[in-house]
Amino acid sequence: MLAPWLEAFPTTAAPIIEEIDHIVGYKLSDVIAHGPSKDLNLTPNAQPAIMATSILILRILEKEFGFKVDERVDFTLGHSLGEFAALVSSGYIEFEDSLHMVQKRAEAMADATKKAEEEYGGEYGMVAIVSEPPYMAQLISAIEEFVGYGSEGGKSESAENKSPIEQVLIANVNSKNQIVLSGNIERIKTLVAHVRQFLGHDPRAVRLKSDSPFHSPIMKPAVGVMHRILEGRSRVKGREQEDIVSWPGLVPCVSNVTARVFGSKEEVKDLLARQCLETVQWWGSIKYLDQEEKVRRWVGIGPGKVGRNLVGKEVGMRGKDTVKGGGVWAITDPSEIEEVLRGLEETENLVEEEPDNLPRKMSTTLPSIACLGVIGRNNNPLHISIFNSYDPSTNSFRPIRTPLQFSLLLSSTLDVFELRSRAHAAQGTGLTGDFGLLHAVDERLAAYGFETNTGVKFVVVVDMRGRRASTTAGVGEDGKKSSTVGTTGVGLREGEMRVVFKAMQAAYIRLMQNPFYDPDEHSPLTGPGKKITSRKFGEEMRKIGEGWVPGVTSL
């Protein structure tokens, strides 16, 4: 972690490494250089090491390459621990004070975890949950409902009344398809099983290498430690009588807690202390800088590329973005410096302001309906309408599945309907009608469901990449202007299915009102029953399937 920098820039790096060891009070540099890894990975060593390395790289950039943050940077931000380095780089806190805080914060976090283990037992840590963008909002809502409180609730009595072995919190919202859960591991496993069973969705769970449940209610003692330090005076020679936080800083810094720029000295103190416990709103921070502040070039500085990769997922890596001047870089090794600085120089004057009425990025495909299905009250399929999806390999439109495959897919939703019905019955909520997302079929297809009070079920299968979008905002496949086709692809909000279900229900009611329609013939008490053969009903389903795009409010 430090060796490459010491070898490449010995004159600059050596004094900084000595300063690091002096601040922490022991040879942290030896632990970083020689390990063993089990010692380096311990929270009291790992956090100061990561933060110190980030500032070491920045100091080398400043001294060896003349890189000045206040002249080259418009905003700073850092992920979790990285926020301390961000505040140092933008002039709010001195390096010595920040590293001391990180050390004490890490010790308090490790102590809080140890006490929870000793008093209550159990295993504690963090688990990343990887989903698909359209399901993230529902996933977060379900998790918060399951644990009984969200990030703000982590400080309320609802959290304090729970023992550590029951405490779980969403630690990070990292991107449009990734969150991190923190707390008791068994409780997290139960939560993930709950999501898979009752949401009809199977997100991927990955255990992280963390010896503490950071950003969970268990970390509350660390918040008190941070508040006490931040209310004190600076440790820096010559600043002993001054406040530990300087205001204003040199460059605006974005808070992990609010996903907005710190607004005052008091806010820096409060939010930096609370950050130990609160959810890291990383995705919100990136969206804020990208969409509201129009940031086009990003540089990550530190020992890893996780932050760079998360930014790239949201804004697009250089060469894949449609905006001239866009770029996402990372400096983690001396060999990367010249390439990054050259890239910044090349793009210095290339960033263009786009008109306010045009989105910055254009999606090549948009969600469309792949199949509409009507299932009788005795679970027999009454109607299936299949629609074409875009095939980029042939630049053509054709169904993404065969009729038999779609029929089997509709049948597979019946178990989810049954599970949801049982859950609603147990909760005393009765029939809710809109069952929302039933399950993600694969990386493209997702099934949504609605049940009428007669037991007839509507299923909509959405292809997340089924409709080709123009690269010109507001222009659809037919060349006509549209308010929805061709706009930025931002996933699919579950509420956008309601207009489809409403239209399907209206068409089905009209069918039942037809004096020649016999519902019992299609949903008999015994036997398979017949399919709906009404040509008018089929035409109405076709109109719904072909007319829907994200954002449509009526069909």
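Predicted model, so just to flag it, every value in this text is computed and none were measured.
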Taking only distance into account, with no hydrogens and no angle test, what donor-acceptor pairs under 3.5 Å do side-chain atoms of residues 3-17 form with protein atoms, sequence neighbours excluded?
{"from": "Thr12", "atom 1": "OG1", "to": "Glu64", "atom 2": "OE2", "distance (Å)": "2.5"}

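- The shortest side-chain heavy-atom distance between Tyr26 and Asn45 falls under the 4.5 Å cut-off.
- Residue Gln241 qualifies as open at atom CD: its count of foreign heavy atoms under 6.0 Å is 12 or below.
- Arg260 pairs by the salt bridge (charged side-chain N to carboxylate O under 4.0 Å, His left out) definition with Glu292, not counting sequence neighbours.
- Annotation: salt bridge (Lys or Arg N to Asp or Glu O under 4.0 Å) contacts involving residues 21-48, sequence neighbours excluded, comprise Asp21-Lys27.
- In Glu339, the CD atom is not crowded: 12 or fewer heavy atoms of neighbouring residues, nucleotides or ligands sit closer than 6.0 Å.
- With a 4.5 Å cut-off on side-chain heavy atoms, Ile55 and Arg59 count as touching.
- The number of heavy atoms from other shown groups lying within 6.0 Å of CZ (Arg204) does not exceed 12.
- Rounding to the nearest 0.5 Å places NZ of Lys269 at 13.0 Å from CG of Leu271.
- Remark: the backbone N or O of His215 is not paired with any side-chain donor or acceptor of Ser182 at under 3.5 angstrom.
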Would you list the atom pairs, donor with acceptor, under 3.5 Å between side chains in residues 101-108 and any protein atom, with sequence neighbours excluded?
{"from": "Gln103", "atom 1": "NE2", "to": "Val24", "atom 2": "O", "distance (Å)": "2.9"}
{"from": "Arg105", "atom 1": "NH1", "to": "Gln47", "atom 2": "OE1", "distance (Å)": "2.9"}
{"from": "Arg105", "atom 1": "NH2", "to": "Gln275", "atom 2": "OE1", "distance (Å)": "2.7"}

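- Here Tyr92 pairs with Trp247 under the ring pair (Phe, Tyr, Trp, His ring centres under 6.0 Å) rule; sequence neighbours left out.
- Remark: Glu18 pairs with no residue by the side-chain hydrogen bond (donor to acceptor under 3.5 Å, both in side chains) rule, at least two apart or across chains.
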